Amino acid sequence: MWWWEYARATARRITQGIAPAPVDVWGPVLEPNEVAVMTAEVTYSRLYGGNGLYEPTATYFLGRPAVMIGALAATAAVNHRRKVKARRDAAPSWRDVQHVPVIVTSQRLLAATDAGWESAWWRSVAEFQPDLPEWSLTLGFGPGYSPMRLFGPATPALSIWAAAGVLGRQWSADPRLAALVG
């Protein structure tokens with residue numbers, strides 16, 4: 001519950017106009033006038049689907065009719081399984097699930113994924129979905145960019161910082177954050 005209490009205290013300080021204490025970070029280079037305010041570890045994932053393509057197997061077999069029919073049936077079964085798997089892969093789902101360190105700054109959220117540091121700039125967030133009962137935060141970025149979901153004990157605090165960064169002064173009016181503001 002430490003993160004919950006931290007999130008409530010952070011909400012009070014932001015509401016009262018108290019500037020956050022900067023946090024030292026090493027690794028990613030911050031922009032001029034960008035200040036790190038929090039670090040944590042969370043579970044990270046992205047929502048996207050595969051392309052739905054598969055490579056069908058072609059079998060050419062000469063021999064007795066019974067052997068040829070058996071080979072064609074086996075090939076059809078293999079191709080059917082590949083097609084079903086490709087369709088399942090095409091459906092959007094939460095992928096690239098990994099435990100990552102995150103840094104929250106005055107301008108963005110950085111996540112150290114297997115692919116390197118990813119930046120979610122507050123100005124580029126098109127959808128902000130905190131879910132405090134589920135300990136998750138989903139950020140959407142508009143067409144062409146897969147949504148990012150963060151999950152774990154630190155997400156109430158991440159939700160407060162993201163709300164302040166994305167929604168500005170009106171962040172505290174968001175009813176989904178009411179349990180932390182008050």
Side-chain angles (χ1 to χ4, degrees), residues 1-49 92-182:
M1 290 318 250
W2 184 89
W3 280 111
W4 188 266
E5 292 308 318
Y6 170 83
R8 289 178 55 84
T10 299
R12 276 192 303 277
R13 284 193 300 274
I14 293 172
T15 303
Q16 295 168 354
I18 300 171
V23 175
D24 289 331
V25 295
W26 310 104
V29 177
L30 302 182
E31 296 290 318
N33 300 320
E34 182 178 19
V35 178
V37 294
M38 179 186 141
T39 62
E41 297 218 359
V42 296
T43 301
Y44 160 100
S45 60
R46 295 289 251 195
L47 180 66
Y48 63 90
S93 62
W94 292 103
R95 300 166 188 259
D96 304 331
V97 178
Q98 53 196 285
H99 193 72
V100 300
V102 294
I103 299 170
V104 178
T105 77
S106 53
Q107 298 178 23
R108 60 184 160 159
L109 179 139
L110 293 110
T113 69
D114 291 343
W117 284 99
E118 282 191 36
S119 291
W121 295 90
W122 302 135
R123 67 180 179 270
S124 69
V125 173
E127 183 180 359
F128 168 72
Q129 296 294 335
D131 188 346
L132 298 179
E134 294 297 321
W135 299 89
S136 73
L137 169 64
T138 303
L139 301 173
F141 304 99
Y145 298 95
S146 20
M148 172 192 297
R149 181 173 62 182
L150 305 170
F151 175 81
T155 53
L158 292 175
S159 295
I160 293 295
W161 288 116
V166 172
L167 305 174
R169 292 177 173 240
Q170 292 148 344
W171 74 269
S172 61
D174 189 330
R176 300 168 298 180
L177 301 174
L180 297 172
V181 180

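Just so we're clear, the structure is a prediction, and the values are computed from it rather than from any experiment.
Taking 4.0 Å as the cut-off between side-chain N and carboxylate O, R46 and E118 count as a salt-bridged pair.
For the pair T113 and Q98, the minimum side-chain heavy-atom distance is below 4.5 Å. V42 places a side-chain heavy atom less than 4.5 Å from the side chain of V100. Residues V104 and W122 form a side-chain contact, since some pair of their non-hydrogen atoms from C-beta on lies under 4.5 Å apart. Annotation: side chain of D114 is not in contact with side chain of Y44 (no heavy-atom distance under 4.5 Å). Proximity of W161 to P20: side-chain heavy atoms (C-beta onward) are separated by under 4.5 Å at one or more points.
Among residues at least two apart or in separate chains, side chain to side chain donor-acceptor pair (under 3.5 Å) pairs with a member in residues 164-182 are Q129-R176, D174-R176.
Here the straight-line distance linking atom CZ of F128 with atom CG of L137 works out to 6.0 Å at 0.5 Å rounding. Within the model, atoms CD1 of I160 and CG of L177 stand 5.0 Å from one another, a figure rounded to the nearest 0.5 Å. With values rounded to the nearest 0.5 angstrom, I103 atom CD1 is found 3.5 Å from W117 atom CH2. Q107 CD to N33 CG: the interatomic distance, rounded to the nearest 0.5 Å, is 7.5 Å. From I18, atom CD1 reaches atom CZ of R12 across 10.0 Å, with rounding to the nearest 0.5 Å.
What you find for P156 and L132 is that their closest heavy atoms are CA-CD2, 3.9 Å. Nearest heavy atom pair, residue V97 against residue S45, reads CG2-CB, 3.7 Å. Of all heavy-atom pairs spanning S159 and P130, the tightest one is OG-CB, 3.6 Å. Pairing each heavy atom of W94 with each of M148, the nearest pair is CZ3-C, 4.1 Å.
The main-chain N or O of L150 is never found under 3.5 Å from a side-chain atom of T155 such that the two would form a donor-acceptor pair. Here the side chain of T105 pairs a donor or acceptor atom with the backbone of R108 at under 3.5 angstrom. Remark: side-chain polar atoms of T43 are not paired, donor with acceptor, to backbone N or O of G152 under 3.5 angstrom. Although no hydrogens or angles enter the test, the distance criterion places no donor-acceptor pair under 3.5 Å between the side chain of R149 and the main chain of L47.
In this pair, Y6 and W3 present their aromatic rings perpendicular. The plane angle is above 60°, beyond the 30 to 60° band.
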M38/T10 under side-chain contact (heavy atoms from CB on, under 4.5 Å): CA gap, chis, key distance, verdict: CA-CA 10 Å; M38 179 186 141; T10 299; over 6 Å; no
